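Heads up, the thing below is written out as structure tokens.
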Amino acid sequence: TDEEHLLNVPQLVELLARQGILCERKSVYSDIDALNALGYDIRLRRGRSGGYWMATRPFELAELKLLVDSVQSSKFITHRKTATLIKKIETLASIHEAQLLNRQVFVANRIKTMNESIYYNVDEIHAGISRHKKIKFRYFEYTVRKERQYRKDGEYYLVSPFAMTWD
């Protein structure tokens, strides 16, 4: 829920029942109190069209939009991984705000990679940086026949990474 889409207790009981969780109205009140005690900011608006909503989330909607745009515009993240990451980012918003994260960002002259391993290679480089360890890799390019052509006759590069730059 969010401030624009409140749920009252009967609606909450019904939603829980659809999930196979049977409860009484009184238990919903105590559960909301328990969630608030655990640090969730669940608020109540009283009145005819009142109800409960999650008032505070770890990320603001604008921040989530920025993350989605960054993932979509990143050329080293594959289309499949982009979709997976965006679905995960959507879970950080209400279901209604998540619909606003379904954006299409077009970046001129930017082709997404097909290579899923790049995502993990970046993580390995960061691990080398944080552990102050050298990393070893072979560098290659694709020929016009889409064959790997290794630089330095396929010899390994051994480097001490200290920072990651994005271009």
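This is a predicted model, so every value here is computed, not measured. Start at 1 with the first residue, then count along the sequence.
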So do the side chains of [X] and [Y] get within less than 4.5 Å of each other, counting heavy atoms only?
| X | Y | result |
| --- | --- | --- |
| Phe59 | Leu67 | yes |
| Glu124 | Ile135 | no |
| Ser94 | Arg57 | yes |
| Val9 | Val13 | yes |
| Thr82 | Gln72 | yes |
| Leu101 | Glu97 | no |

With sequence neighbours left out, write down each residue that passes side-chain contact (heavy atoms from CB on, under 4.5 Å) with [X], or none if nothing qualifies.
| X | answer |
| --- | --- |
| Lys133 | Arg131 |
| Asn8 | Pro10, Gln11 |
| Tyr139 | Phe137, Arg151, Tyr157 |

So which atom in [X] and which in [Y] form the shortest heavy-atom distance, rounded to 0.1 Å?
| X | Y | value |
| --- | --- | --- |
| Tyr52 | Ile42 | CD2-CG2, 4.0 Å |
| Ala93 | Ala98 | CB-N, 4.0 Å |
| Gly128 | Pro161 | C-CG, 4.2 Å |

Determine whether [X] and [Y] fall in the same hydrophobic cluster, where Ile, Leu, Val, Met, Phe, Trp and Tyr are linked whenever their side-chain heavy atoms lie under 4.5 Å apart.
| X | Y | result |
| --- | --- | --- |
| Met164 | Phe76 | yes |
| Leu7 | Ile95 | no |
| Leu85 | Leu100 | yes |
| Phe162 | Ile125 | no |
| Val159 | Tyr156 | no |

>> Counting neighbours of NZ on Lys136 that are heavy atoms of other residues, nucleotides or ligands and sit closer than 6.0 Å, is the number greater than 12?
In response: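 Result for NZ/Lys136: open.
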
>> Are there over 12 heavy-atom neighbours, none belonging to Glu147, within less than 6.0 Å of that residue's CD?
In response: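 Counting neighbours around CD of Glu147, more than 12 heavy atoms of other residues, nucleotides or ligands fall under 6.0 Å, so yes.
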
Quick one: [atom1] on [X] to [atom2] on [Y], what's the gap to the nearest 0.5 Å?
| X | Y | atom1 | atom2 | value |
| --- | --- | --- | --- | --- |
| Lys87 | Ile89 | NZ | CD1 | 11.5 Å |
| Lys65 | Asp69 | NZ | CG | 9.0 Å |
| Asp31 | Asn36 | CG | CG | 11.5 Å |

>> Under a 4.0 Å threshold between the charged nitrogen and the carboxylate oxygen, would Glu3 count as salt-bridged to Arg45?
In response: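 Salt bridge between Arg45 and Glu3, a charged N being under 4.0 Å from a carboxylate O: yes.
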
>> Donor-acceptor pair, distance only, cut-off 3.5 Å: does the side chain of Ser70 make one with the backbone of Leu66?
In response: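 At least one qualifying donor-acceptor pair exists.
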
>> Between Thr91 (side chain only) and Lys88 (backbone N and O only), is there a donor and an acceptor less than 3.5 Å apart?
In response: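 A pair under 3.5 Å: yes.
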
> Can you list every pair that meets side chain to side chain donor-acceptor pair (under 3.5 Å) and has a residue in residues 15-30, with sequence neighbours left out?
Replying inline: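 Every pair satisfying side chain to side chain donor-acceptor pair (under 3.5 Å) with a residue in residues 15-30: Glu14-Arg18.
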
> What's in the same ILVMFWY side-chain cluster as Tyr142, cut-off under 4.5 Å, chained through other members?
Replying inline: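 ILVMFWY cluster around Tyr142 also holds Phe140, Tyr150.
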
> Which other residues belong to the hydrophobic cluster containing Leu6, where Ile, Leu, Val, Met, Phe, Trp and Tyr are joined when side-chain heavy atoms lie under 4.5 Å apart, directly or via other members?
Replying inline: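 Trp53, all in the cluster of Leu6.
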
>> Please determine whether side-chain contact (heavy atoms from CB on, under 4.5 Å) holds for the pair Ile32 and Leu12, giving the CA-CA distance in whole Å, both sets of side-chain angles, and the decisive distance to 0.1 Å.
In response: CA-CA 11 Å; Ile32 290 172; Leu12 290 169; 4.1 Å; yes

> Have Asp2 and His5 got a donor and an acceptor in their side chains that come within less than 3.5 Å?
Replying inline: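 Yes, His5 and Asp2 have a side-chain donor paired with an acceptor closer than 3.5 Å.
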
